[in-house]
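Beneath this line is the structure, given in structure tokens, with notes to follow.
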Number of protein chains: 2
Amino acid sequence: MTAITWQSVQAEALRRIRSREWPPGGQIPHEADLAEELGCARATVNRALRDLAEAGLLERRRKAGTRVPLNPVRKATLDIPIIRQDVEGRGQAYGYRLILRDTTLPPPEIRSLLKLKPKQTLIHILALHLAEAMPFCLEDRWVNPDAVPEFADADLSAISANEWLVQNAAFSAGDFAFGASAATAEAATHLNCPSGAPLFTVERTTWAAALPITAVCLSYAPGYKMRAEI
Amino acid sequence: MTAITWQSVQAEALRRIRSREWPPGGQIPHEADLAEELGCARATVNRALRDLAEAGLLERRRKAGTRVPLNPVRKATLDIPIIRQDVEGRGQAYGYRLILRDTTLPPPEIRSLLKLKPKQTLIHILALHLAEAMPFCLEDRWVNPDAVPEFADADLSAISANEWLVQNAAFSAGDFAFGASAATAEAATHLNCPSGAPLFTVERTTWAAALPITAVCLSYAPGYKMRAEI
DNA sequence: GGCGCTATTATGTGCATACATATTAATCCT
DNA sequence: AGGATTAATATGTATGCACATAATAGCGCC
């Protein structure tokens with residue numbers, strides 16, 4: 001007899017969902033019944049079904065029970081490593097070049113993105129990440145010195161702003177927007193690609209509670225793909 | 001006295017990570033100690049820390065204990081709705097137009113992506129998704145009729161292949177690649193944008209166990225952004 | 001009939017305990 | 001020493017129980 005684990009219960013539940021034994025839109029037996037049927041404790045069933053619900057494969061509501069959603073909104077998990085690790089994870093040599101470091105008034109779109117007061121100045125960083133000495137990603141970053149005062153003294157020739165902030169700035173929340181944009185003349189120069197080339201871009205803002213820490217736009221060299229699994 | 005929940009334990013752990021009370025690279029007290037200190041059961045601490053480890057904020061290993069990673073690989077969760085829900089979730093009217101439906105030999109890159117035998121034919125779908133009657137996303141899809149025989153009879157004028165497959169095909173795994181590409185002449189026609197415009201693209205393959213179900217490339221109209229939170 | 005209260009019910013969570021498992025540290029043997 | 005065996009230990013998981021909480025369904029009242 002093989003032992004019953006929450007994973008085996010989950011696998012069985014998955015099988016029933018996929019085989020349509022539990023049809024889309026339909027209610028499934030409740031935890032206590034399943035526990036009895038499968039010969040395990042309700043907590044074990046709970047763990048299995050809770051995980052499936054988190055992945056979007058089941059919908060659970062108190063009293064209403066558990067059902068298979070008609071249109072499952074699947075959840076994919078994205079790993080967000082620092083760029084150096086992204087490059088090294090591809091088996092390539094990482095390089096890094098600081099292009100610009102300045103303290104100025106940000107453009108209006110950055111100001112509104114970070115919900116800043118009109119005259120707040122930010123530190124502006126432009127840096128190029130390299131893979132095997134080839135341009136990999138252009139980092140255009142604005143950092144709020146009020147949120148991370150030590151950043152002003154950081155030595156960004158040795159370590160990228162990306163890495164410094166991950167290691168030194170405590171943050172609580174952030175959001176991402178992935179998109180495509182045409183390479184500006186400046187970006188094309190740095191990324192060594194034609195002006196107007198389609199670039200995969202990641203825009204990211206980071207917050208410590210209500211305090212904006214940083215807004216960054218990463219433009220990846222043509223051909224870059226970001227991968228995720230379901 | 002406020003009750004202790006696994007969420008409150010998790011919040012306290014997060015606070016200690018962020019305040020560097022538990023410094024990066026450092027070991028944290030083990031579960032039993034934390035449970036005693038916080039006045040709860042070890043299972044409660046376990047639940048709290050396990051969730052943090054899943055989010056990439058802690059590293060746990062049996063016997064070795066739990067530590068705060070030096071370079072946390074944060075995990076972001078992406079919702080992958082069907083395209084109709086994506087459009088409707090933006091408060092826009094959804095529309096859909098089937099452009100092409102054919103059964104042919106796939107190009108070599110699709111064949112190798114899906115690990116097909118040389119002479120295997122696939123169903124080829126080209127469809128346009130609309131938001132407020134404007135082009136939203138171009139869907140270029142190849143479906144393996146061996147994996148979903150009923151697909152051949154599906155009425156794709158009423159429901160998109162995207163939606164039909166989500167509702168009717170059991171699948172177990174899949175992967176995504178996000179990137180940017182220049183609009184081909186044909187894509188530009190359908191998406192009503194200049195040829196060569198930068199398009200955000202999602203490539204996706206789907207599998208039922210070892211059987212390939214479908215490979216799809218979604219090209220979104222210029223300006224589209226996919227959002228995620230951390 | 002329609003509104004609001006209440007009882008019921010399925011999931012959510014906490015706890016104490018026991019044992020499993022992975023991994024390290026210690027020890028023993030050669 | 002050095003390699004293999006063994007003990008120790010932190011996390012992982014199963015269980016039975018209790019109670020919390022949300023949401024529905026049913027009832028009574030007007």
Side-chain angles (χ1 to χ4, degrees), chain A residues 1-14 16-17 21-70 72-73 75 77, chain B residues 1-14 16-17 21-70 72-73 75 77:
Chain A
M1 169 195 167
T2 59
I4 291 175
T5 64
W6 69 265
Q7 288 98 332
S8 72
V9 172
Q10 188 175 71
E12 172 61 15
L14 254 182
R16 294 189 187 183
I17 294 170
E21 202 167 316
W22 291 345
Q27 203 119 9
I28 78 171
H30 53 253
E31 292 186 348
D33 286 355
L34 276 173
E36 197 186 354
E37 183 201 334
L38 300 174
C40 64
R42 188 170 75 88
T44 308
V45 175
N46 182 283
R47 168 87 194 259
L49 299 188
R50 179 162 42 80
D51 266 32
L52 286 177
E54 272 168 24
L57 279 150
L58 288 175
E59 278 174 1
R60 322 193 76 199
R61 269 172 39 233
R62 277 167 169 158
K63 162 78 180 173
T66 302
R67 52 178 56 245
V68 184
L70 270 177
V73 176
K75 266 112 175 140
T77 307
Chain B
M1 168 193 165
T2 58
I4 291 175
T5 65
W6 68 266
Q7 288 96 333
S8 73
V9 172
Q10 187 174 72
E12 172 62 13
L14 254 182
R16 294 188 187 185
I17 294 170
E21 202 169 316
W22 291 345
Q27 204 120 10
I28 77 171
H30 54 253
E31 292 185 348
D33 285 356
L34 276 172
E36 196 186 355
E37 183 200 334
L38 300 173
C40 65
R42 187 169 77 88
T44 308
V45 175
N46 184 283
R47 169 87 194 260
L49 299 189
R50 178 162 42 80
D51 267 31
L52 287 177
E54 271 168 24
L57 280 150
L58 287 175
E59 279 175 0
R60 324 193 75 200
R61 267 171 44 233
R62 275 169 171 160
K63 161 79 180 176
T66 303
R67 53 177 56 246
V68 183
L70 269 177
V73 176
K75 266 114 177 134
T77 306

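So you know, we letter chains A, B, ... as the sequences are listed, proteins then strands, and number each from 1. What you see is a predicted model, and the numbers here were worked out from it, not measured in a lab.
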Could you run down the sub-3.5 Å N/O contacts of the protein with nucleotides 7-12 of chain C?
unit_1	atom_1	unit_2	atom_2	d
C/dT9	O4'	A/Lys63	NZ	3.3
C/dA10	O4'	A/Lys63	O	3.4
C/dA10	N3	A/Lys63	N	3.4
C/dT11	OP1	A/Thr66	OG1	3.1
C/dT11	OP2	A/Glu31	N	2.8
C/dT11	O2	A/Arg62	NE	3.4
C/dG12	OP2	A/Arg60	NH1	2.4
C/dG12	O4'	A/Arg62	NE	3.2
C/dG12	O4'	A/Arg62	NH2	2.7
C/dG12	O6	A/Arg42	NH2	2.7

Exercise for review: For B/Gln27 and D/dT9, give me the distance from atom CD to atom C1', rounded to whole Å.
Suggested key: 12 Å
Review point. Is there side-chain contact between B/Cys40 and B/Val45, with heavy atoms separated by less than 4.5 Å?
Key: yes
Point to revise | Shortest non-hydrogen contact between B/Val9 and B/Ala48, atoms and distance | key: CG1-CB, 3.6 Å
Point to revise | Heavy-atom side-chain contact between B/Leu52 and B/Thr66 under 4.5 Å | key: no
Point to revise | Interatomic distance, B/Glu59 CD vs C/dT23 P [rounded to whole Å] | key: 13 Å
Review point. Between A/Thr44 and D/dT15, does any side-chain N or O lie under 4.0 Å from OP1 or OP2?
Key: yes
Under 3.5 Å, which protein N or O atoms sit close to an N or O of nucleotides 26-28 of chain D? Give each pair with its distance.
none

Review point. What is the minimum heavy-atom distance between A/Gly56 and A/Pro69, and which atoms define it?
Key: O-CG, 3.8 Å
Exercise for review: Give the rounded distance in Å between these two atoms: CZ of B/Arg67 and C1' of D/dT9.
Suggested key: 16 Å
**Study point:** For B/Thr5 against B/Thr44, the heavy-atom pair lying closest together
**Key:** C-CG2, 4.1 Å
Point to revise | Neighbour count above 12 (heavy atom, 6.0 Å) for A/Glu36 CD | key: no
**Study point:** Atom of A/Leu34, atom of A/Trp22 and distance for their closest heavy-atom approach
**Key:** CD2-CZ2, 3.9 Å
**Study point:** Euclidean distance, atom CZ of residue B/Arg47 to atom C1' of D/dA14 [Å, nearest integer]
**Key:** 16 Å
Exercise for review: Go through A/Glu37 and A/Glu12 one step at a time and tell me if the side chain to side chain contact (heavy atoms under 4.5 Å, CB included) criterion holds.
Suggested key: CA-CA 12 Å; A/Glu37 183 201 334; A/Glu12 172 61 15; 5.7 Å; no
Check your understanding: To the nearest Å, how far apart are B/Ile4 CD1 and D/dA20 P?
Key -> 16 Å
